[in-house]
2 protein chains.
Amino acid sequence: MPQIILQRARVLDLRFPTSREQIGSDAVNKDPDYSAAYCILETNTGLEGHGLTFTLGRGTELCVEALRYLAQRVEGRTLESITSDLNGFYLEITGDTQFRWLGPEKGVIHLACAALINAVWDLYAKAEGKPVWKLLADMTPEQIVAAIDFRYIADALKPEEALAILRRGKEGQAERLAQLETSGYPAYTTSAGWFGYSEDKIRRLCQEGLADGWTHFKLKVGGEPADDLRRARIMRDAIGPGNRMMVDANQKWGVETAIERTKQLAEVDVWWMEEPTSPDDILGHARIRRETGVRIATGEHCHNAVMFKQLLQAGSIDVCQIDSCRVAGVNENLAIILMATKFGVPVCPHAGGVGLCEYVQHLSVFDFLAVSCSLEDRVIEYVDHLHEHFLDPVRIRRGHYLLPTQPGYSIQIKPESLARFEFPAGAAWQEDVTPSAAK
Amino acid sequence: MPQIILQRARVLDLRFPTSREQIGSDAVNKDPDYSAAYCILETNTGLEGHGLTFTLGRGTELCVEALRYLAQRVEGRTLESITSDLNGFYLEITGDTQFRWLGPEKGVIHLACAALINAVWDLYAKAEGKPVWKLLADMTPEQIVAAIDFRYIADALKPEEALAILRRGKEGQAERLAQLETSGYPAYTTSAGWFGYSEDKIRRLCQEGLADGWTHFKLKVGGEPADDLRRARIMRDAIGPGNRMMVDANQKWGVETAIERTKQLAEVDVWWMEEPTSPDDILGHARIRRETGVRIATGEHCHNAVMFKQLLQAGSIDVCQIDSCRVAGVNENLAIILMATKFGVPVCPHAGGVGLCEYVQHLSVFDFLAVSCSLEDRVIEYVDHLHEHFLDPVRIRRGHYLLPTQPGYSIQIKPESLARFEFPAGAAWQEDVTPSAAK
């Protein structure tokens with residue numbers, strides 16, 4: 001294959017008017033219009049790298065603008081100049097000396113970094129003719145470690161410890177791969193329990209979910225205590241005692257309220273309590289976990305590896321919910337997956353939104369094949385929206401993700417969807433509606 | 001006075017080409033162009049509220065755009081509708097249901113919130129004919145508490161505890177005010193020790209500082225160990241054993257490196273080690289403090305009250321370095337100052353940049369008059385750049401800030417400077433130079 005040169009980066013503002021149907025509604029995010037800052041890296045070979053960062057509507061333009069700036073750094077470069085020093089590239093993108101002040105390593109800038117870094121991984125995998133999970137699983141332990149910034153995490157995970165984990169992960173990989181090819185990767189559904197859904201709708205969706213083979217269901221909580229409990233009982237009643245049920249408060253409570261409410265909801269046998277309080281509150285999560293005895297999950301708003309490191313060090317979580325684009329893409333998630341394995345905490349990725357399911361399946365498959373080597377207590381979130389826009393959408397069978405097979409990161413959106421949902425010029429936004437994103 | 005109506009919000013992108021002289025350079029921020037997203041709230045009365053958030057050049061446009069969006073929320077409102085529910089206003093600005101995803105409460109969005117919220121406080125103080133410090137000191141404890149979002153911090157500081165602190169702070173306020181009127185508020189200088197300055201320049205600036213009455217000097221470190229130590233010895237030698245010297249690594253190191261380097265630098269008797277590692281590393285700072293015995297300072301990149309809460313709970317810091325616009329303005333800083341007092345940690349604000357000295361003097365004066373009621377181990381940072389652009393600049397005498405007397409938050413920039421440094425149209429950016437912001 002000839003040298004691949006990244007000639008041009010195109011950046012799009014995509015928004016889906018999901019708030020019209022309360023899709024994605026929870027106690028805090030009441031009217032999301034699922035959106036993305038979307039990046040296309042065009043090359044001299046016809047191959048394209050695609051990447052996106054997920055947003056909720058207003059403010060997507062900020063990620064788009066940050067991404068446009070950052071993407072200039074790859075224009076004109078060869079793919080090989082990046083893949084030969086993956087951590088150097090990560091540091092260059094996340095460490096711009098003037099942009100860095102606006103984070104550092106958090107918020108709008110870091111979200112934009114994720115879209116670009118993920119687009120490079122998509123291109124890298126396509127160039128290798130492999131899905132991202134296989135590209136990662138085929139890399140040597142030394143190559144994986146060379147993609148990670150250990151500067152701020154070495155007190156919890158040294159490069160040599162990461163190498164040892166990855167070397168161990170090479171054993172039995174073929175058997176684990178065969179297992180995934182047969183059964184897929186276990187998942188749970190969030191689609192039955194959105195905050196804005198009526199009780200009848202929750203009941204009906206649970207029954208449909210059971211019929212489709214789902215065994216893990218999540219409910220959004222964070223409303224009035226009596227309402228939360230009533231909805232939780234409805235879900236538990238609908239799914240029966242043999243299935244697993246999780247609740248998600250989306251950061252609604254302070255620490256002491258979270259303790260009280262978590263204890264109440266324990267009545268319905270919750271498998272985990274998710275985001276009980278501020279995502280920044282490492283010590284708060286540790287206290288909630290200690291005082292309730294309920295398994296605690298968080299991570300979708302955990303903004304970088306330093307925060308995940310501390311959630312693990314402080315004993316704050318039982319479930320590590322990585323997000324594919326809240327942190328700066330594949331590189332930073334490699335660090336987090338390795339740390340979670342060292343601390344013995346299962347990774348159950350956050351998904352949903354736009355493309356998050358498509359992304360995270362690759363990370364979980366890599367985790368199983370090469371890092372934790374376990375499926376115990378591990379499930380990937382699944383939400384049943386917007387997959388129709390992807391060229392290589394997730395495939396779900398009986399509550400499991402089937403192994404992605406096409407080269408890349410599965411994140412490429414169909415050209416017609418890119419055109420239709422571009423904001424504000426796309427047809428979806430020119431129709432006669434009053435979208436909340438345009439308020 | 002008639003009802004004050006906020007008719008229009010103007011937002012400007014201001015950048016000062018400071019990177020041309022390595023002003024503000026440190027181990028991480030190598031080429032800052034001190035900048036600001038700047039907000040002017042125009043009213044029906046001729047009064048204007050001014051507020052800014054400080055940035056380093058590139059990326060200021062993102063804060064500007066976020067600020068333009070947020071500022072729409074005040075247009076057409078009366079000032080009284082805001083000041084009658086200060087926490088409600090804070091929650092509205094920081095809690096936009098779609099913008100929130102991009103933080104939450106951190107990064108670009110939170111920086112923009114700060115500019116707007118501070119502009120409202122500037123207007124509020126002008127309407128009351130008082131400097132912000134006096135507006136705050138004259139408010140009742142109940143009014144201060146009503147301006148604070150306790151949701152995520154009540155496990156560390158309950159409203160009733162804050163009330164008790166503030167009630168105690170009403171005693172002896174007149175005497176403390178008289179003390180400030182006589183002597184000013186103690187300060188330290190960072191101007192002698194920038195990373196890019198030569199050893200001769202450091203020595204000369206220390207000598208000039210001593211002649212001007214400075215007793216506390218800060219040095220930027222984070223270079224090669226031998227270089228750091230040589231520069232540190234030069235500063236210690238120049239200022240003599242009787243003055244205080246602080247070192248600032250600007251997040252350069254991992255936790256274990258920071259421990260090693262802090263122990264080395266302890267040789268020159270450092271009064272505090274500032275930002276030894278990632279600003280997000282609460283547990284890391286606690287460990288550095290524990291293992292070195294050196295006083296630890298951080299906060300200028302601490303992105304919200306939840307993070308400050310944990311720095312205090314975990315025993316991570318000896319010095320709480322609030323920033324006037326990293327967190328969402330006056331409201332959130334009130335919470336942090338009260339928490340620091342409860343935990344017995346002195347507040348020594350971060351300043352410098354553009355307008356940060358002008359801002360934080362008000363917060364420290366309020367802290368002394370009404371909260372901690374102490375000057376012990378408390379100093380405000382001072383950097384001698386860009387004050388000439390302010391209508392009511394800080395006044396320094398013998399290493400002390402003199403009490404600001406004009407109504408408002410001292411943050412209003414002269415019209416001619418607003419015009420000259422507007423980016424990219426202003427004359428300062430149209431000259432024949434190659435600014436790093438335009439690279």
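Sequence lines set the chain letters: A, B, ... in the order given, protein chains first and strands last, and positions in each chain run from 1.
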Test log, rule side chain to side chain contact (heavy atoms under 4.5 Å, CB included), inputs A:D281 and B:Y152: CA-CA 8 Å; A:D281 202 342; B:Y152 288 144; 5.7 Å; no
Does B:D155 form a side chain to side chain contact (heavy atoms under 4.5 Å, CB included) with A:T277? I'd like the steps, not just the answer.
CA-CA 12 Å; B:D155 57 314; A:T277 189; over 6 Å; no
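A heavy-atom distance below 4.5 Å is not found between the side chains of A:L62 and B:Y69. You'll find the side chain of B:R58 stays beyond 4.5 Å of the side chain of A:W101, heavy atoms only. Using a 4.5 Å cut-off on side-chain heavy atoms (C-beta onward), B:T60 and A:L102 make no contact. Proximity of A:M307 to B:M307: side-chain heavy atoms (C-beta onward) are separated by under 4.5 Å at one or more points.
The contact between B:K158 and chain A is made entirely by side chain atoms (from C-beta outward), counting heavy-atom distances below 4.5 Å. B:A156 does not touch chain A: none of its heavy atoms, backbone or side chain, sits under 4.5 Å away. Contact annotation for B:I153: neither backbone nor side-chain heavy atoms come within less than 4.5 Å of a heavy atom of chain A. For chain A, the nearby parts of B:F54 are the backbone and the side chain; heavy atoms of each come within less than 4.5 Å.
B:D31 CG to A:D96 CG: the interatomic distance, rounded to the nearest 0.5 Å, is 8.0 Å. Distance CG/B:L283 to CD/A:Q310: 4.5 Å, rounded to 0.5 Å.
Under a 3.5 Å cut-off, the side chain of A:E65 and the backbone N or O of B:E61 do not form any donor-acceptor pair. The backbone N or O of B:P32 sits nowhere less than 3.5 Å from a side-chain atom of A:Q98 that would complete a donor-acceptor pair.
In terms of heavy-atom pairs under 4.5 angstrom with chain A, the leader among B:H303, B:K309, B:E300 is B:H303. Most heavy-atom pairs under 4.5 Å with chain B, from the set A:A66, A:S278, A:G59, A:A258: that is A:S278. Among B:N304, B:T257, B:I282, the residue with the largest count of heavy-atom pairs under 4.5 Å with chain A is B:I282. Ranked by heavy-atom pairs under 4.5 Å with chain B, the list A:R326, A:E105, A:R151 is led by A:R326. Of the residues considered (B:A154, B:G284, B:C63, B:G254), B:G254 shows the highest number of contacts with chain A, using heavy-atom pairs under 4.5 Å.
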Pairs of donor and acceptor atoms involving the side chains of residues 106-116 of chain A, under 3.5 Å and at least two apart or interchain, shall be tabulated with distances.
from, atom 1, to, atom 2, distance (Å)
A:K106, NZ, A:P104, O, 2.8
A:K106, NZ, B:D280, OD1, 3.1
A:K106, NZ, B:D280, OD2, 3.3
A:H110, NE2, A:E332, OE1, 2.8

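A:E160 CD: more than 12 foreign heavy atoms inside a 6.0 Å radius.
Side-chain contact, A:R100 with B:Q251: a donor N or O sits under 3.5 Å from an acceptor N or O.
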